[in-house]
Amino acid sequence: MPVKPRKILVSNALPYANGSIHMGHLVEYLQGNIWIRFQKLRGHQCTYICASDVHGTPVMLKARELGISPEELTEQVSAEFLRDFSDFGIEFDNYYTTHSPENEALVGEMFETLRANGDIYTKTIEQAYDEKEGMFLPDRFVRGTCPRCGTDDQYGDACENCGATYTPADLIDPISVLSGSTPIKRDSEHYFFRLSQYEQRLRDWMQSAALEKSVLAKLEEWFETGLQDWDISRDAPYFGFRIPGTDDKYFYVWLDAPVGYAASFRNLCDRRDDLDFDEYWRPGHDTELYHFIGKDIMYFHTLFWPAVLQGAGFRTPTSVFAHGFLTVNGQKMSKSRGTFINARTYLDHLHPAHLRYYYAAKLGPTIEDLDLNLDDFAARVNSDLVGKLVNIASRCAGFINKRFDGQLATELHAPELHATFADSADEIAEHYERREYSKAMRVIMALADEANRYIDEQKPWVMAKDEAQLGAVQAVCTQGINLFRSLMIYLTPVIPGVADDARAFLQEQHWHWDDAKTPLLGATISQFKPLLTRVEPEQISNMVKQSKQS
RNA sequence: GGUGAUGUAGCUCAGAUGGUUAGAGCGGCGGACUCAUAACCCGCAGGUCGGUGGUUCAAUUCCACCCAUCACCA
């Protein structure tokens, strides 16, 4: 069934260049990556972009601490990110940085347009200032005693103990995290974006974007509180883009970060003749734009970002897909428990396909949190991937390799069974499309059960003892191999590396989603090699042990 | 504190616009098989669907309150 090719641009949230990629980040990138791979497998023109989010105070201070420039720091960190992503099979069409000329140009253009439209104004506000360091302090850089419950050493924006929210000025005995001195209050002129003027336009956008129910509930909550104008500037010293016409004012990192999506794409367009920036970023085209994000940054992506885009004469996202957070063994990731696991630590012990599959088996389109239960992880992956899926090929390949010189039969033994598998393609595709990966995995594994049952019923190992039945053995095993092949095609978005090996085993060059409908017959296949090994308990305990140490 | 979400078998999760015996996979137990990476196949046992009250002929499914967990509060 031919599907009309779509032109889709997808982004993952930009990882902040301060720290390493961990298992929590990977929920985000794997969710996006599976979707993108699915769209490409279906034959759509799909472009996948990302970048490092590099601006802001934390990066500036970290670079200072290391004695290098922010640019140097973020280049190092980006290189590390890219290695981690790549080793997990997450391959972007372009991975860039928000500290780029393209981004500065776009941010500048948007700002000027907004200002010309009257969406920008300035206002003097009072902020915590560290005299010793000579800089204004973000809320998180002031600590003190909670004014409500009296718990000491709390951040300047909220109390971890009682949950109160306040400003640094409310803290009792505040101190600067940087110098340990007591911050003073100082006036500064800031630039504001009139978000309050955008309520109706945002409501209209919300309707068209077909957001998830839980996302809409959150937005509704924010609308009820009333939209406040947004402070988009920060004082020097700051690592970011200077606001045109000022000496010491910079754009707040959250203004230029999402623009980084567009900038990364523009950078890619310069190298690709088949991509046109305006077709994807200006109104009036039938291209699609999606952002995969975590629920913690919904405010920026469902309010600020669409509002800024509209006001600046750009198109708005087709939709925004928000996911929940990761817990490990039912709890927040924790260094002391060894459940704060970095991507690299995982890779030192385990295969990326294991995690890709496990996340897929538990991911849905909602903002509910996802639990990585390490015992369940091992059991699930071993049972589904090794015991069921790979087993199908493993138990059939021996006969084909040894008895028939690697030659598949020219006809299926049970065409109607293959047709059943082919008929599931649309249902599985629908699940992928709606990001109901867990449902897709359930359908696929139910088919894998059917394939194993079929082989069990046919008993090729019994027939193989009778020369007269060799033809049937070949047909049954060819059937089994083809059932396996269909399932691997369906699973290509989830476990692309394993799918590549499976395709090589079948000696095929290329797979398209619809190839699952046409059996592979009469072909010669390679010697079967184990496509995936089981997760051993020791690998997990070693990974946890290493995570405790680092 | 306010708001939102979640709470279903040992584990991870489905599901029910209120109505006969609430489902799956894994784990456990029993059996069968030996092609397969101790994989696969058949069968069995497990749950008063977080708690209390209310609406109803009938609630686990609706409502209220409570408890627990998580998130957001720009």
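Note on A:Trp254: nothing from the nucleic acid sits closer than 4.0 angstrom, heavy atoms only. Within 4.0 Å of A:Phe325, counting heavy atoms only, lie sugar-phosphate atoms of the nucleic acid but no base atom. Among the protein residues, A:Ile392 comes within range of no part of the nucleic acid, since none of its heavy atoms lies under 4.0 Å from any strand. Backbone-only engagement by A:Gly387 is indicated by non-hydrogen atom pairs under 4.0 Å involving sugar-phosphate atoms exclusively. A:Val390 comes within 4.0 angstrom of a base, heavy atoms only. Among the protein residues, A:Lys362 comes within range of the sugar-phosphate backbone only, with heavy atoms under 4.0 Å from sugar or phosphate atoms but none that close to a base.
Comparing B:U55 with B:C63, their P atoms sit 16 Å apart, to the nearest whole Å. Of the P atoms belonging to B:A9 and B:U52, the separation is 16 Å, rounded to the nearest Å. Straight-line distance between the C1' atoms of B:A64 and B:G47: roughly 26 Å, to the nearest whole Å.
Just one residue in the list A:Phe193, A:Phe192, A:Tyr191 forms a ring pair (Phe, Tyr, Trp, His ring centres under 6.0 Å) with A:Tyr121, and that residue is A:Phe192.
In the set B:C70, B:C26, B:A36, the nucleotide with an atom closest to the side chain of A:Lys388 is B:C26. Of the candidates B:C35, B:C41, B:A36, the closest approach to any side-chain atom of A:Asp449 belongs to B:C41. Listed nucleotides B:G25, B:C70, B:U37 differ in distance to A:Asp384; the shortest reach to its side chain belongs to B:G25. Among the nucleotides B:C72, B:U6, B:C70, the one closest to the side chain of A:Glu368 is B:U6. Here the side chain of A:Asp371 is nearest to one of B:U12, B:U37, B:A71, namely B:U12.
In this structure, A:Glu430 pairs ionically with A:Arg434, as a charged nitrogen and a carboxylate oxygen lie closer than 4.0 Å.
Atom pair A:Glu427:CD and B:A14:C1' shows a separation of 14 Å (rounding to whole Å applied). Computed from coordinates, the A:Asp376 CG to B:A24 P distance equals 17 Å when rounded to whole Å. For the pair A:Gln539 CD and B:U37 C1', the computed distance is 13 Å after rounding to whole Å. Distance, A:Met441 CE to B:C26 P: 17 Å, rounded to whole Å. With rounding to whole Å, A:Glu457 atom CD is found 14 Å from B:A32 atom C1'.
A:His291 and A:Tyr261 have their aromatic ring centers within a separation under 6.0 angstrom.
More than 90° away from 0 lies the glycosidic angle of B:G54, which makes this nucleotide anti.
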Please determine whether ring-ring contact (aromatic ring centres under 6.0 Å, His included) holds for the pair A:Tyr437 and A:Trp35, giving the CA-CA distance in whole Å, both sets of side-chain angles, and the decisive distance to 0.1 Å. CA-CA 9 Å; A:Tyr437 302 160; A:Trp35 203 74; 8.8 Å; no
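For A:Lys295 and A:Phe325, the positive end sits near the middle of the six-membered ring, less than 6.0 Å away and at most 45° from its axis.
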